[in-house]
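Structure, as structure tokens:
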Amino acid sequence: MIAAQAKLVYHLNKYYNEKCQARKAAIAKTIREVCKVVSDVLKEVEVQEPRFISSLNEMDNRYEGLEVISPTEFEVVLYLNQMGVFNFVDDGSLPGCAVLKLSDGRKRSMSLWVEFITASGYLSARKIRSRFQTLVAQAVDKCSYRDVVKMVADTSEVKLRIRDRYVVQITPAFKCTGIWPRSAAHWPLPHIPWPGPNRVAEVKAEGFNLLSKECHSLAGKQSSAESDAWVLQFAEAENRLQMGGCRKKCLSILKTLRDRHLELPGQPLNNYHMKTLVSYECEKHPRESDWDESCLGDRLNGILLQLISCLQCRRCPHYFLPNLDLFQGKPHSALENAAKQTWRLAREILTNPKYTVTPGKQPGSNARPQ
């Protein structure tokens, strides 16, 4: 048994060094390419409207606010200034979302975003996004990369298609530090020793973001508060939780496996599902020794089995907001297909790791969609 575990870890490390590192290097190169274009567009936006200041800055070889959705899809969060005159209202009635309401009607004129405040006193995410979309469309026509970039039509979100290869969503947002949403108040679970009080304090101080983007959980809702709501995002908190041991290596392997073997019709799985399941695995295995390099195979196997269970139940709860289902809106047939493919992949990794994670080999004759 120990020999089999050691063999699996050996092949996973080989896969990480050869495939995951190559993926990382390719994505890093792509990020530099797309960020040049996005920065140029945002520079033009800022000339037209100084309230939309680009926050796409490179620090320690990474761009603040940039999330990799897939090797060809990215999201850039554009942090806005001055949220001060609004109260953060998070009563659980809008799963995964919250609203910003004027703390005092008399402060309306004090807001930098006065024309986007509704009659009810809400700062409208939709109105800000609509204005930003108009500015970006104009900037695309003026920027020095106008021959290689165009707006993606038929969406209320701001998406750029670059060189017909990459899609970058640019999302206006507010950074909320020093507060924690009521809908995530259950975290951390009292009976689980992970992540420990110091890390919990760090994560809660880091806070979260409020994004102006379409939210699947509000699809079909009509009330003004719902259409003006902001989407909660915990990217930095999640990154901080997954530091230490083989957590990041495990996530990197999962992302690479997803890109190579689980890119399926209907897009049932994305990298965020993988990131979420790593957090749940950390809760199930709270000791640091559980994340030693020698346990990499066990952790990967546990996450793949949990993923199969989620796909079969057609539900993947958000880690911080368990009332929010990350599979909402996904076709049932796509989830069932993904469960079958993930099972084949997991079985191959356990029974035949040499071929599963050897460059150029595919897991099993049926592991990819026919």
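Just so it is clear, the structure is predicted and the values come from calculations on it, not from any experiment.
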Under 3.5 Å, is there a donor-acceptor pair linking the side chains of Asn239 and Lys248?
no
Could you grab the distance from atom CG of Leu277 to atom CG of Leu269, nearest 0.5 Å is fine?
9.0 Å
Between atom CG of Asp228 and atom CD1 of Ile117, what is the distance when rounded to the nearest 0.5 Å?
11.5 Å
Presence of salt bridge, Glu33 and Arg163, under 4.0 angstrom:
yes
Do you see a donor-acceptor pair shorter than 3.5 Å between the side chains of Ser294 and Gln5?
no
Checking side-chain polar atoms at under 3.5 Å, does Ser156 have a donor or acceptor matched by the opposite partner on Arg126?
no
Give a yes or no on whether the ring-centroid distance for Tyr122 and Trp113 is below 6.0 angstrom.
no
Test: Lys159 and Glu214 ion pair at under 4.0 Å:
no
May I ask you to check if Lys127 and Phe116 form a cation-pi contact, with NZ or CZ under 6.0 angstrom from the six-membered ring centre and within 45° of the axis?
no
Using the test side chain to side chain donor-acceptor pair (under 3.5 Å), find all partners of His186 that sit at least two apart in sequence or belong to another chain.
none
Taking atom types as modelled, is there a side-chain donor on Gln306 or Lys284 under 3.5 Å from an acceptor on the other?
yes
Under the ring-ring contact (aromatic ring centres under 6.0 Å, His included) rule, collect the residues that match up with His285, sequence neighbours excluded.
none
With rounding to the nearest 0.5 angstrom, report the CD to CG distance, Gln133 to Leu135.
10.5 Å
For residues Tyr16 and Leu296, determine if any side-chain heavy atom of one lies less than 4.5 Å from a side-chain heavy atom of the other.
no
With a 3.5 Å cut-off and no angle check, do the side chains of Glu75 and Thr171 form a donor-acceptor pair?
yes
